Structure formats: structure tokens, C-alpha cells
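Single-structure report; data block below.
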Amino acid sequence: MQWTGAVQQKVPCVFLTRVKDEPSSKREHQMFKVIATETLNPVALNADIHNAIPTEKVDGTCCYVALHKDFIWNVDDDFKSVPEFWIPAKGVKQSNGKPYPDENGHIPGWVPVENGNKQYCWHSSAVNYELGVGIILKRHPEDPGALLIYLGYLCELLEQTLELIGTNINGNPYGIGNKKNPIHLLVPHGTLLICDLPALDHKSLISWFDHRQEGKVEGIVWHCKDRSLIKLHRHHLGLGWPLTDTYLSSKPVSISMDLCKFEYEAAPSSLLRKLSKKDYQQFDSLKDIVLD
């Protein structure tokens, strides 16, 4: 891939959207739906969407890799107070040195994941702070139709955004791990490429989501040459999610978790240690990885 963008603000839909007065199938207790019209969003056209790189939108929680900075922020009384060391997202406009809300009244930002804090235990399970590595899921470099779980250096992921997926994230739509032995993985944005995507119109995209194996995804994110991002969620087209079977969980997966090169003794109960016991093993799918 020649270019990828990072999630630093709300990502617009590839189509213009409208609000429909019906209960949302995406968010419980939301009494309206946001659905796509058949008109391409001018924002997408200005970003040259037809020459963008389509990738799978993964259902998880967004993370950002950055160097720690001593940063304390106070916002006006009109907004909720933010945690200490909160970091405003890149691209957030500022007025008089203070972050300014977008057109929806949001100020996107990041909250540091504290090592040992139970609130972030699932994030922390996929990261080892002593070694400076994360447990990463990506396309297998030697087989585009397969996946690879490996240890990636966090310093090589600086300024990138990733999606945390797994057993205790968003209802676990990919069927990864179990309650006894949960598994959580970090997926760098833009790594799961989509091939042979149809034309950018309603009927073609609905047919692709409905009838193609590659369409069994939460949505599509286009990475544009100007590094902007454009998305399309199944719910924008009136299609359901999650699915019984997903494209991501249908792919074979290999594990490369050699801890010997680190001369590090991981805790027996850690995900790092448990996955390292599966080093060099191959599985038919993510669902088939069962830890001891």
C-alpha cells in the first residue's frame, strides 16, 4: 500500500446521509437511523474516492500509538471534563489555544491506556510495555488470503491508529477466544485490503455485501491519496450486523510469537505467554485458536 490514513476525526460516509425516524438497529435506545442516500458525498469526490484504496472496516475499539507527553488540559464548562493527559485528536481546530468542537459538537481525543488499570485491561492484554510490543493481526505477507498474528514493535506504529478486537470487545463479532481464555488483538487501520469492489452505487454495493464472501464485513473504509478517510457501514444501506459468519473469521491464520529473541519471561497467565505456546502453528480461522 502506498498510503494510509489514521483515524483522527469522525469519518464521513461515502454517500450523503439522511435521518430516518425509526429505531436504530446499530445502537440500542437510539430512536432514529442514519441511512445513505444514493448521492455520492462531495467530500468523497473531492478526496478522489474512485482512486482510493478500499479496506475492511473492523468492528472494535479505536486506539492510537503515540509517545507519552506530560499534558494537562482544561476545557470550558460547556464540555465534560477530560481525564488527565487527554490528547486532542490531530486536525481538531483550536480557538485561543483551546480545542474547538466540530459541526456535531464533538471534540475527538485520546485517553492514555494506563498499565495495570483494570479499566483498560483488555487493551493492556494486547500490549507489553516492558518490551514495547503489541500483539498485531494483519494480512499474511506471503499469502494475501491468510492472516498473521505476530509481535509488532510499538515504535514502528507511532502516529498510527489501530482497532482492538477480541473476546470482550463489542460483543466479539469475530468469535475470538472465550471467557476462560480471552484473546485481544490490534489491527492496524488500512491493512485488510478489499479486492474487486463493485461500482460506487447502492445496488452494486448492497449486492456485494449480501452475496459475496468478501462482503461479510462491518463496512468499508477508503484510504484516499490525501490521507483522508471515507467509510460505508452496512447499517447505512439497511443491512444488519453482526453476522453469523464474517469474512475476517473465515480466513486461515498463522501465529509468529517467538519470545526467545527477547530473553523475557512472560507471566504464565498473560496472553503473550499463551500465544507464544502456539508459535509457528496454523489454524483454519480465528475461531479455532483455543488457548490453554
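Nothing here was measured: the structure is a model prediction, and the numbers come from that model. These numbers come from the heavy atoms of this one structure, side chains and all, not from hydrogens, waters or symmetry mates.
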(message) What verdict does the salt bridge (charged side-chain N to carboxylate O under 4.0 Å, His left out) test give for Glu265 and Arg273, after you've listed the backbone C-alpha separation in whole Å, the side-chain angles of each residue and the deciding distance to 0.1 Å?
(response) CA-CA 8 Å; Glu265 188 66 28; Arg273 177 71 173 274; 3.2 Å; yes
(request) Please lay out, stage by stage, how Tyr64 and Leu162 fare under the test side chain to side chain contact (heavy atoms under 4.5 Å, CB included). (result) CA-CA 6 Å; Tyr64 172 54; Leu162 312 92; over 6 Å; no
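Taking the six-membered ring where the residue is Trp, His235 and His233 present parallel rings, their angle staying beneath 30° rather than reaching 60°.
Using a 3.5 Å distance cut-off with no hydrogens or angles, the side chains of Asn181 and Lys274 do pair a donor with an acceptor. Gln160 and His189 form no side-chain donor-acceptor contact under 3.5 Å, judged by distance and modelled atom types alone. Looking at Gln213 and Ser250, their side chains do bring a donor and an acceptor atom within 3.5 Å of each other. For Asp59 and Tyr174, the side-chain atoms include no donor-acceptor pair closer than 3.5 Å. A donor atom on one side chain and an acceptor atom on the other are not found under 3.5 Å apart for Ser204 and Ser207.
For the pair Thr167 (side chain) and Ile176 (backbone), a donor-acceptor distance under 3.5 Å is present.
For Asp245 and Lys287, the salt-bridge test passes: some basic side-chain N is under 4.0 Å from an acidic carboxylate O.
A single hydrophobic cluster is seen to contain both Ile49 and Phe15, as judged by linkage of ILVMFWY side chains at heavy-atom distances under 4.5 Å, directly or through other members.
Counting heavy atoms from C-beta on, the side chains of Ser256 and Leu148 come closer than 4.5 Å.
Counted within 6.0 Å of CD on Gln282, heavy atoms from surrounding residues, nucleotides or ligands total 12 or fewer; the atom is thus considered open.
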